[in-house]
K.L.:
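Structure in C-alpha cells, see below.
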Amino acid sequence: MSQRRLSIASVFASAATVAVLAMPGMASAAYEHSANNEQGVTVHPEHFVSQKTREQVKAETIDAMKNDRLSYGESSFPSYVPATGPGKTRTEVINELLHESPAAREARMQAIAR
C-alpha cells in the first residue's frame with residue numbers, strides 16, 4: 001500500500017475552509033455555546049440583549065433607504081425613488097441629441113467616460 005502525503009496547498013485550503021465556515025458561528029457566539037452533543041451547540045436566546053426596540057430598527061432602516069445608505073441585497077424593502085415629475089419622450093431625447101452643440105456633446109461624452 002502506498003501512503004499519500006498532503007500537499008501544503010491542500011492543508012492551506014482546508015484551513016481556509018474551516019475558517020470561513022466558522023465565521024457565522026462566531027457572529028452568534030454571544031448566545032450560542034459549545035456543547036458535547038450531536039448538534040454541537042446549545043442556544044441561549046436569553047443571553048442576547050438588544051439595545052433598540054423593533055420600531056427604532058424599522059425607523060433606522062427606512063431612513064437608510066431614503067438616504068441611499070443600504071447596499072444591494074441588504075434589504076428586501078422596495079427601494080425609495082424620489083418623485084421627479086414627468087420625463088421626456090423618446091422623440092424629445094432624440095431631437096436633443098441631434099441638435100446639441102459640439103461643446104455640449106463633448107461635455108456629455110466626458111460625463112459618460114467618468
K.L.:
For Gln56, check side-chain contact (heavy atoms from CB on, under 4.5 Å) against everything at least two apart and list the hits.
P.N.:
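Listed in chain order: Lys52, Thr53.
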K.L.:
Does Arg105 CZ have over 12 foreign heavy atoms under 6.0 Å away?
P.N.:
no
K.L.:
Output all residues satisfying side-chain contact (heavy atoms from CB on, under 4.5 Å) with Ala13, sequence neighbours left out; order by chain, then residue number.
P.N.:
none
